[in-house]
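Below: one structure, written as structure tokens.
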Protein chains: 2
Amino acid sequence: MTQQTRKDEIIKTAAKLFKEKGYNAVTMRDLATAMGMKAASLYNHIKSKQEILKEIIISLAEEFTNGMDAIYNSENSNIDKLKQIVAMHVNITACNTNQMASLNSDWMHLEDQLDYYLQLRNDYEANFIKIINQGIRASEIKQSNPEVIMFSMLSTLRSLYLWIPKKEDLNANDLANSLSEVLIHGINK
Amino acid sequence: MTQQTRKDEIIKTAAKLFKEKGYNAVTMRDLATAMGMKAASLYNHIKSKQEILKEIIISLAEEFTNGMDAIYNSENSNIDKLKQIVAMHVNITACNTNQMASLNSDWMHLEDQLDYYLQLRNDYEANFIKIINQGIRASEIKQSNPEVIMFSMLSTLRSLYLWIPKKEDLNANDLANSLSEVLIHGINK
DNA sequence: TCTCTAAACTAACAAGTGTTAGTTGAATTA
DNA sequence: TAATTCAACTAACACTTGTTAGTTTAGAGA
């Protein structure tokens, strides 16, 4: 139990450093200093640097996968499903800004788990685009390139981690709502 | 002249490698192998690894700054200015996909030029948001949070480098148009 | 009190890092 | 032809990297 807590602290601290400089630019000595210990002591709690990255990225990716599955299989309109996806990204990102930076920028440094991660991401995007296609077929969504729509939404949602920390005044609900408004209804009068 | 060409080849090759693995994960020996030479030989053409990164990022950043200044000072409606910004991002990104990856992911590894880069980026965003605010005041753009609008557009535009290489069939004009449509008019019917 | 264990430490290693010095052969210029 | 320059090379450097081995210290449970 204490073990778990200490390990979690290390991972959390690592995520913060990874966000600032990227996985490869952060050394185990950097991480140790930030934890107030020596580099070798880290290995009482973690197996390797690589394991830290894996813990950060895979658990988050699985959270997104589970959320997407729930939304995909729900009974809402397709536009509402898209709104739920926006809300999910805002919520997960608000609670895990540092980890989201690794998910977005350092996934390519996964080794053993790289294929698994890519599979989760592909499945996620496949579900996303299916929702868009269903929305177009049901005339909820304009007849335009579904990939452009997904790309545009997903780019914005994946960049949230850069932006949420600067806007702590805005609460998650308000942000999700105005984001949905802009992404779905556009900006022009 | 030959010197210039060879140096440019190195920078171009470096950009490709940086895109795949990030600045810190690419060694001078990796770059040399990709160029078909030994690491030490690179230094006949470039001053340092850091110089390569600087050449890639700063020239691109200045291109965006110049483009933005021209658009900002033009006589079009604010909505049209936004469309021109979209087109500029598509065009610059289409010609520089690899370099754009460094601009987006490795700017924090700039050393001497970091402050200059950040200044260019801040100025760019300041002009962007001024256009949005003018558009709102002129009733061309919906009354909603200008920062949310900019964030959403800019996130999409900054991610283009990830997506354009996968869609070589789509020409730059068509892409700019459908992107403008989605970003400005939204996706719902 | 004695034992065990968690969690820190010091010291070190082998591999890899960016970079420099000095050299060589081919091409270009005088 | 002789001199110079270009652009590659080999060899090596000082330093940093992730990681391991073995040791120490403090607290918990018997």
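Chain identifiers are assigned alphabetically (A, B, ...) following the order of the sequence lines, protein sequences preceding nucleic acid strands; residue numbering begins at 1 within each chain. Fair warning: this is a prediction, and the values are worked out from it, not measured in the lab.
- A salt bridge links Glu9(B) to Arg6(B): one of the charged nitrogens lies within less than 4.0 Å of a carboxylate oxygen.
- When rounded to the nearest whole Å, the span between CE of Met37(A) and C1' of dT25(D) equals 15 Å.
- Look at Ser41(B) and you'll find a side-chain N or O under 4.0 angstrom from OP1 or OP2 of dC9(D).
- Here dC9(C) presents its P atom at 11 Å from CE of Met35(A), a figure rounded to the nearest Å.
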- Message: Show, in sequence, the C-alpha distance, side-chain angles and deciding distance for Asn122(A) and Tyr117(A), and conclude whether the side-chain contact (heavy atoms from CB on, under 4.5 Å) test is met.
- Response: CA-CA 9 Å; Asn122(A) 285 340; Tyr117(A) 166 77; over 6 Å; no

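- You'll find a donor-acceptor pair under 3.5 Å spanning the side chain of Asn44(A) and the base of dA8(C), going by distance alone.
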Do any side-chain atoms of residues 66-74 of chain A form donor-acceptor pairs under 3.5 angstrom with protein atoms, and if so which ones, sequence neighbours left out?
residue: Asn66(A); atom: ND2; partner: Glu62(A); partner atom: O; Å: 3.3
residue: Asn73(A); atom: ND2; partner: Asp69(A); partner atom: O; Å: 3.0
residue: Ser74(A); atom: OG; partner: Ile71(A); partner atom: O; Å: 2.8
residue: Ser74(A); atom: OG; partner: Asn76(A); partner atom: ND2; Å: 3.1

- When every nucleotide of nucleotides 16-21 of chain C is labelled 5' to 3' by its protein contacts under 4.0 Å (heavy atoms), B for base, S for sugar-phosphate only, - for none, what sequence of letters results? -BBBBB

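- One atom, CG of Leu42(B), and another, C1' of dC6(D), lie 15 Å apart when rounded to the nearest Å.
- Look at His45(A) and you won't find any side-chain N or O under 4.0 angstrom from OP1 or OP2 of dA6(C).
- Residues in residues 146-156 of chain A take part in these side-chain hydrogen bond (donor to acceptor under 3.5 Å, both in side chains) pairs, two or more places apart or across chains: Glu147(A)-Lys167(B), Thr156(A)-Thr156(B).
- Using a 4.0 Å cut-off between charged side-chain N and carboxylate O, Lys7(B) and Glu51(B) make a salt bridge.
- Cation-pi geometry between Lys49(A) and Tyr23(A) is met: the NZ or CZ atom falls under 6.0 Å from the ring centre, inside 45° of the normal.
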